[in-house]
Structure formats: structure tokens, C-alpha cells
Amino acid sequence: MAMPLAEDLRARERIKLQEIWETAPGIYGWFATVDHKRIGVRYLCTAFFFLLLGGCEALMMRLQLAQPNLRLLSPDAYNQLFSMHGITMIFLYALPMLSGFSNFLWPLLLGSRDMAFPRLNALSYWIYLCAGIFLYVSFPLGQAPNGGWFNYVPMTAKPYDPGLNIDVFTLGIIFLGISTVVGSANFIVTVLRCRAPGMSINRLPILVWGTLTASTANLFAVPAVSLACFMLWLDRNFGTNFFAVSGGGQPLLWQHLFWVFGHPWVYALVLPAMGIVSDALPVFCRRPLVGYTLVAISTVSTMLVGFGVWVHHMFATGLPALSLSFFSAASFVIAIPSAIGVFCWIATIWTGRPRFDSPFLFFAGFVLLFVIGGVSGFMTASVALDWQLTDTYFIVAHIHYVLLGMNVFPVVGGIHFWFPKFTGRMLDERLGKWTFWVMFVGFNLAFFPMHILGLIGMPRRVYTYPGGLGFGGYNLVISIGAFIFATGVLLLLVNVARSLRSGAAAGPNPWDAPTLEWSVPSPPPPYNFVSIPIIASRHPLWEDRLNETDERSILGSDVLLDEGKETLAVTALDAEPDAIMTMPGDSLLPVILALGMSVVFGGMLVVNWWAVSVGAVGVAITLLAWFTPRVSGGAERQAING
Amino acid sequence: MKRRSAVAGVSLLLGGCDGTPLGYLDPAGPAARAIAGLGWGLIAISAAVCLIVLGLLSYAIGRERPPDSGALGGGSDRKAIRWIAVGTGISTVFLLGAAIWTLWAVRSVTNATTPPGLIIDVTGHQWWWEAHYRSNDPSREFTTANDLVIPVGVPVQVNLHSSDVIHSFWVPRLAGKTDTIPGVTNRTRIQAEREGIYRGQCTEFCGLEHAHMAFFVVAKNPGDFNTWWDHQLQSTTVDAANRGEQVFLDKCAACHAIRGTPAGGILGPNLSHFGSRTTIGAGALPNNSENLAYWIDHTQTVKPGSNMPSLDLPADQVAAVTAFLEGLK
């Protein structure tokens, strides 16, 4: 039986662990850190920066579309802007943002000292950054991707798009895909192995369920788009004919491969965000989530069905009615787990005692936006109706209610919620409430009228539209709404900047929340936990007050693991202690490997084999160094019990 | 009666048919009509769901509660979960209903039993539409562009082709979208219930001028339609004295064709009987002399990126060729 430690012993432990776990200072440490919290914050900041870039692109488009027949942007500029807006938001903002939350929070939520593969974690970030830069450096040169984020062939084949634009897209997406895949593998192994003893799978926070589900899906989905992009790159540069009709290829093959990836990806962008709500909303309702098991099962089943609906993006391609009907039915079925989630959130508020702090506003707002995005999805699931809706502004409305309503609102709510944990300081509550209302009003003003525009037939992806079709008034309202929404985002930035300078100190648990991350100081020390916690319920910090069982979690156990950079490995389902893992220290290998890969992809872009070879040799040498076994301290110690 | 007025109210919000020529909830053909009914039904369900959730959420947030004792927890989940089961059950029934209604609509759109009264081959080009009217008598076949004239009440089969990239053929008030895909021939069916001009639009992003790739379906009564067809078959006569025609043959004929003249270009739209068309440049401008004269010299201003260069002709040549083309009724 573990006994609580005396305070002075604990203070000495802290100093000892700090020395073991702390990242080296200075520039070296900045590049070499493998601390999941620093990597998580980097993910959050980088993704937010891309959100701002994508937002500016959107505002430029909204100026152009505010009235009929405006000529502020050339068609070419508009096409690059809307393509980069989609690529930025979907690839460079939405998933990396959630990865940021999960990177920072997972080990803290799970009671571990780090992710399973800290260097892989760093690699995943550096590749993401390099791929983002790779996609963006072409913008000032006027060669940014211009075929939409969906990049349909043959419009993106060499004869119709001879510039570098599409090669930037294909190679950039393959490059970024490496980051996603290694990140996903890391999350999966982390949840299977790096938990506190007693954190069995029925005690995982829903955010962990969401990210686990999304990561598993990514392992299956991302290869499809990487393959498609590689085939297109070959078609464009080496005359293969995967998609070229003249050589016996099939343009529709691209659409199948792209949407086999694309639809599960959309769920990967919302399930972790829904997890944020499922974990954080109950804190402000002063009760546990209603229907934990239902929500966890809904999360997983949404993703399973999500792999069988991709053809609903292709209802107008002339496929046989029978197969369309199958995918239409599957698209209706996927609404059921979503409905369960919505009812669980409402029941949590209903039976709880809501406290109207700013995060609550974002989460409650999310529930409504989720339903609006859900029912517009229900309408597009109907194959016959979709023949009219598809490729109109109705779909633009739908995807923005999904991706802003279900991703951005939970994310901004999550920032308000976890900012104290990230930084040790509170955000300003009054400004937070203003941020919510400005964003909420701006969002609905910008995106609700798009439903109507779609129903009166405005096609999407047009750089202008004629007068006399009834579009002008709605578009003006939409543009005004977009700028109001942007003001809300600015308010958030102001709040963050002010709080970083002079925010109130947060303390370990400002919201009186139940999960493990709130048991450690804010911001958490490099080693996360002085001693490995031993978990007995889903709400370790609420156990005494909920009094659901007699068992109690032990947060100050005597499992110290202070003889090296070590954390505990547990069995996959029941979280029995299994082994002690020695974790790697600071390393420059991840950043070097990412740079080597950048050289390879840059060489492939300009088809320069010298550059590709130099980069490939660099990558090979780095990998050799990476896989060289560590000589000392690598032996796994015997499993401990109890 | 109540439902009718609700529909009328929403119709007002969505604009009347005059103000919104692409509004498919105001159908003018059987396929669009089957879908519009489904559309109104699903909109009603969706709106009801949003309102119910808004109500539940508002009540859940604002309902009266006993004074706060600072305690945690809301009791057992069991009762709440029973309500969640009821809500999910009701949702499932509506989803099932919507799925069945959808399948019925798909069947009524795709299961056409009557043979088509007319077959048109439509080819999508960057960024205009070519239409070839089929006939059992090869001498009665002809090619035109950007305007499809069809007889009222007759089901018309449209065979869809593409000469370059993927486009999508859409006449919202008559039928849903069908893509034109290179290497594949898709089919769709349009039928107009009454005379009128129905705007169509490319709806698959197809490059620089996707925004200016409209077309028009002109529905005439069958008698007028037959007259129109006969008229289309009449060739323009070569007239060396017609200055405009000479300019056309000199400057335009490499890309454009006019039946009866040596002009046989196939890169751009066939301009036979151009004077009777609705618009210039696939919806870029309404068709009149003034616009045509402007278009000829400022193509790249009106439709930047289109394959037609701004010709920069002397004013008298512009005037002559404009008069010639507008005269081709």
C-alpha cells in the first residue's frame, strides 16, 4: 500500500526530478526539447497562427464577394486564396490545434510523465512546421495551390495547370501526412501504455477517446491521400496515367481516394473537439458527464460509420443509383451517435447547476451550432436533395457550422478553460464573455445566410456573381458578419496578451475540476507528477464529494521513479503496472530529420535529383543515429506491483 | 392551410421565382419538383430539430433550481439516460422516414419509363457549353452553344461530355446536378412544365472562369420549337460585300464556326444564329450590340483568363462584325 509522502521529502523530490526532466537552457534546449508540454504549446501557437492566416484569406474573399461583379481580386488570386484558405484551415489549423491540446494534456490527464515517444512527438511538430512553410512559401511567388483543397483531377493535371502550384499541394500534403501519421502512432501507443495505474479504459477522459479515435482513423485515412498525391505528382512530372483519360486513367479515382481520406478526416477534426466539450462542460455544470459510456461509444461508432460515407461527396458524379442509396443511408445513420452526444450534453446541463463562466458559454454555444451543422448534414445526406444542394453555398454553410461550430468554438472554449494550466494565469473573464458573444453573433451572421444563398442557387467557388440573381443582399450581410467574427478573434488575442503580462495567478485548480491535470501546479513542472498517481475513478479530484464508491485515488503515492528519466508503462486495458520505461532526453535529431526531409521534398518540387539525394543521405544518417541503442540506463527495470 | 402559409412565408424569405432564377425550391420540371417536395420536408424537420434543441438547451440552462449548497453531482444518470433513449428513438424514426422519402425521390427521378422525346449531347468546355442536337435524320443534326432550346412537356435526355476538365451541368429549376467527366458519358433528364427561360450554371470548380460558365434552357411550345429547329438548319449565305462577315472570317473563324460560311473553328462556341442567343460569353453579358462590341475588344476585362484574346480591332471593324453577328437571328 502506497503511503503519502511527508512534505519536506516531497520538496527534495521536486528538486531531484526537476534536474532529471528539465530541458537544457538556451537555443540548444529550444530546438532539442522533447517535453510534451512545450511541444503542445508550440502546436497551439503555430496552429493559431495558421488560423489567423486562413482567416485573413477569408476576409479578402469576403471583400471581393460583398457585392455582385466586384473586381478587387483577379480570378487567379481568388482561386489561390480559396484553395489556401481550405488547405490552411483543414490541414494546418484544425487537426494540429487539437494535437496541441492533446500533446499538452494527455500525459497530464493520463497520469504519465510524457508521451510514449517524446522524440517522435518533437519530430511530428517539426515536420508540421516545415510542411506548413513548404505550402506557404509558394504564395508570395504567385504559385500557391489553386485547385481547391480537394484538388480535383484533371483540372489539376499538367495540361490544365502547368505551374508549380499543384506540385506544391501534392508534395506538401504528403509531407504533412508524415507528421500526422507519426503523431497518431504516438497517441495510440501513449494511451495503450503510458497511463497511471488504475486508469482503465472506462476511466479515460472523453478527450482521450476522441483523440484516440481520430488517431486510429488517421492511420487508415492519411495513406489514401498521400498515395493519391504521389500518383498525381507522378502523372504531372513523369507522364504516368493514373488519372489521365488519354492514357486509360480515371479522373474519378482521385475523388474516391481523396474522399476515403477526406470524410474520416472531417470526423478527426471534430471528435477530439467534442471530447473537449464532454470533459470541460461538466466542470461548469458541477456534475459528471451524463452518459459517459454512451458518449465514448458514440465517438468510436461515429468514426466507424464515417469510413462508409465518402461517396456522399460524389452524389453528382453519375454513379449508379443503388450505390448512391447505400451511401445516402449510411450518411443518415451517422446522425444517430451525434444525436446521442447532443442529448448527453443537454442532460448534463439540465441535471447540473451551470456556472456561466466564459468557457461554459463557448461549450453551450457549441451544442446549438453542432445541431445546426448536424441537420444541414442530414439534408445533404439525402442523395436526391444533395443533387441540388451540392456545390452551392448551402455546403459552404454546412462545412463552416461543422468546422467552426464543432472545432473552433470548443477550441476557443478549451483555450479559456486550460489557459490557466498552460500559463499559470487566468484569462480576463469579462473580456472572455465579450469574445464569446462577438464571435457567436458574427459567426451566425456570416454563415447562417449562406444556407439561404445555397437554397436560392448560388454556386460555390465563384470569384464573382452577376446581379439579378438575388445574391447581393445576403452576401453583404455575410461579409459584415465575417468581419464581426474576426473582431471576436482579435478580442481573444488581446485577452491572451493582457493575461500573459498581468493575468491573475491561477493556482493548480481554478475551476475546481475533477481530472488529474488539475492536481499539479500551473504551469505543470517538466516531470508533471512528483509521484505516479494511482487512479480509482474517472474523477480523482471529486471522489470525496461525489462519494460514488469507497475506493480513493492516491495522488501522493510513493511510486517516485526518480532514479532516471523514467515513467511507468501499464497493461493496455486494465492499466496494471507492467514496466518502467526510460525516456529519451533532449535531442536535436527530430529537428535535423525534419530539415533533411524538407530538402528531399524541396528537391522533388523542382525535380532536382542532387537536392533529393543530399536530403535523403541526411535523413538516412539521422535515422541511423536515432535508432542507435542507448548504452546506459536503457535496461527496463522489473515491473512494480501496487 | 397552415402549412401552406408557413411555406409561403419561407418562400418569401428565399425570394420569389423572379428574383432568384436559380432557386430550386420553386421547381418548373418533374425532377426538380420531386426534389423540392423532399427539400421542403427536410427543411421543416431540420428547423423543428433546431428549435426543439434551442428550447431544451435554454430550459436546461435557465430552469429553476433549489438554492446552491455548493455540492457536486446531479444524482444518478438513470433517469436522464431514459430520456436520452426516448430522444434517440424519435430521431431514429425521423431519420428512417427521411431515408425512405429520399429513396422514393431517387426512384422517381432516375426511373424514367417514358422514352425521351429529344436527345441533346452537351459538352462542357473551359468555360462554355456546346450543345449538339441529335436526330434520326443526320441532315437535321446541328451544333449550337450556351442556349439549349427545348420543347415544353417533352422529356429531354442530355448526354454529358467534357472536352477538358470536370464540369457540372445544373438547371436548378428543372433538375439536380450531373457532372461532366472526361472519358465518361453521364446522362440526365430535363423537362420543362411551362414556357420560360431557365438559368443553368456550371457547379464543379473548373478553373479561372468557373464563375462565368452559365447557360440557359429556353423552353418553347412544341410548335415554336419545331420552327426554331428548322430555322437553326438554315445556313448563313456567303456575302463578300458584307464587311462584318469578312472581318469575322479574317479575325474570328480560326476558333468559331458559322454554318454556311468557311468559318469552321472548333475551339470556341459555334456562333450560327448568334443574334438570337440570350447572353455573350456563357452568361458574362446580356446579348445586345453594345455589349457585344465591348466584349470583342475587352474579352480579357469581362472574362479574364478566357481563351479568347481581347481583339483590339479598329472601331469600324468592331461595329461591322457586331452588326454581322447580331444580324444572325
Side-chain angles (χ1 to χ4, degrees), chain A residues 74-76 79 148 152 154-155 160 245 251-252 286-287 290-291 316-318 321 325 328-329 332 335-336 339-340 342-344 346-347 349-354 364 367-368 371-372 375 378-379 382-385 387-388 390-391 452 455-457 459 461-465 469-470 542 545-546, chain B residues 14-15 19-25 35 38-39 42 46 49-50 53-54 56-57 60-61 65 68 72-74 77 80-81 84 87-88 91-92 95 98-99 102-103 105-106 109-110 164-166 168 172 176-179 181-184 186 201 203-211 304-305:
Chain A
S74 71
D76 186 38
N79 290 348
Y152 276 8
M155 198 188 52
Y160 303 106
V245 176
L252 273 190
R286 313 309 299 149
R287 60 152 300 145
V290 171
T317 52
S325 301
S328 185
F332 280 120
I336 294 174
I340 294 175
V342 169
F343 290 133
C344 288
I346 293 177
I349 299 174
W350 190 298
T351 57
R353 180 180 291 284
V367 174
L368 187 63
V371 170
I372 298 175
V375 294
F378 153 80
M379 287 171 66
S382 165
V383 50
L385 184 55
W387 285 330
Q388 294 285 23
T390 188
D391 281 315
I452 299 169
L455 293 172
I456 61 175
R461 295 163 187 149
V462 291
Y463 74 91
T464 188
Y465 53 92
L469 302 181
W542 279 3
R545 285 177 284 166
L546 288 174
Chain B
L14 298 179
T20 58
L22 291 169
Y24 41 86
L25 293 174
I35 297 174
L38 175 68
L42 298 194
S46 300
V49 169
C50 290
V53 169
L54 180 63
L56 288 174
L57 193 62
I61 291 174
R65 291 179 164 86
D68 191 358
L72 287 175
D77 283 5
I81 286 179
I84 290 170
T88 309
S91 311
T92 308
L95 287 168
T102 294
L103 296 185
V106 169
V109 171
T110 57
D164 37 51
V165 305
I166 300 175
S168 195
K177 303 174 186 78
T178 309
D179 292 350
I181 301 171
V184 174
N186 276 334
Q201 187 88 33
T203 44
E204 188 63 71
F205 176 61
C206 58
L208 281 182
E209 279 299 339
H210 169 56

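Below, chain A is the first sequence line, B the second, and so on; all start at residue 1.
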What part of [X] gets within 4.5 angstrom of chain A, counting heavy atoms only: side chain, backbone, both, or neither?
| X | result |
| --- | --- |
| V109(B) | side chain |
| T110(B) | side chain |
| I35(B) | both |
| I61(B) | both |
| S91(B) | side chain |

I'd like to verify something: which residue of [options] has the highest number of heavy-atom pairs under 4.5 Å with chain A?
| options | answer |
| --- | --- |
| L103(B), V184(B), V53(B) | V53(B) |
| A80(B), P172(B), G183(B), G305(B) | P172(B) |
| G39(B), A105(B), G87(B) | G87(B) |

Out of [options], which one racks up the most heavy-atom pairs below 4.5 Å with chain B?
| options | answer |
| --- | --- |
| L385(A), V290(A), L469(A) | L469(A) |
| N79(A), I372(A), V367(A), D76(A) | N79(A) |
| S382(A), P251(A), G352(A), A335(A) | S382(A) |
| A316(A), G291(A), P354(A) | A316(A) |
| I336(A), L252(A), V342(A) | I336(A) |
| R287(A), Q388(A), R286(A) | Q388(A) |

Considering all heavy atoms of both residues, which atom of [X] and which atom of [Y] are nearest to each other, and what is their separation?
| X | Y | value |
| --- | --- | --- |
| Q201(B) | P459(A) | CG-CG, 3.8 Å |
| R65(B) | I349(A) | NH2-O, 2.9 Å |
| P304(B) | Y463(A) | CD-OH, 3.6 Å |
| V375(A) | C50(B) | CG2-SG, 3.6 Å |
| L95(B) | F378(A) | CD2-CD1, 3.5 Å |
| G457(A) | L22(B) | O-CD1, 3.4 Å |

Problem set entry | Flag, side chain of R461(A) to backbone of C206(B), donor-acceptor distance under 3.5 Å | no
Exercise. Sub-3.5 Å donor-acceptor pair from the side chain of D179(B) to the main-chain atoms of G318(A), do we have one?
Worked result: no
Exercise. Is any NZ, NE, NH1 or NH2 atom of the basic residue among K177(B) and D391(A) found under 4.0 Å from an Asp or Glu carboxylate oxygen of the other?
Worked result: no
Is [X] close to chain B through its backbone or its side chain, or both, or neither, when contacts mean heavy atoms under 4.5 Å?
| X | value |
| --- | --- |
| F332(A) | both |
| V245(A) | side chain |
| Y160(A) | side chain |
| A347(A) | side chain |
| T464(A) | both |

Exercise. Do the side chains of L455(A) and Y24(B) get nearer than 4.5 Å, heavy atoms only?
Worked result: yes
Problem set entry | OG1-CG distance between T351(A) and D77(B), expressed to the nearest 0.5 angstrom | 7.0 Å
For this session: Check the pair L56(B), W350(A) against side-chain contact (heavy atoms from CB on, under 4.5 Å), reporting the backbone distance first and the verdict last.
Result: CA-CA 9 Å; L56(B) 288 174; W350(A) 190 298; 3.9 Å; yes
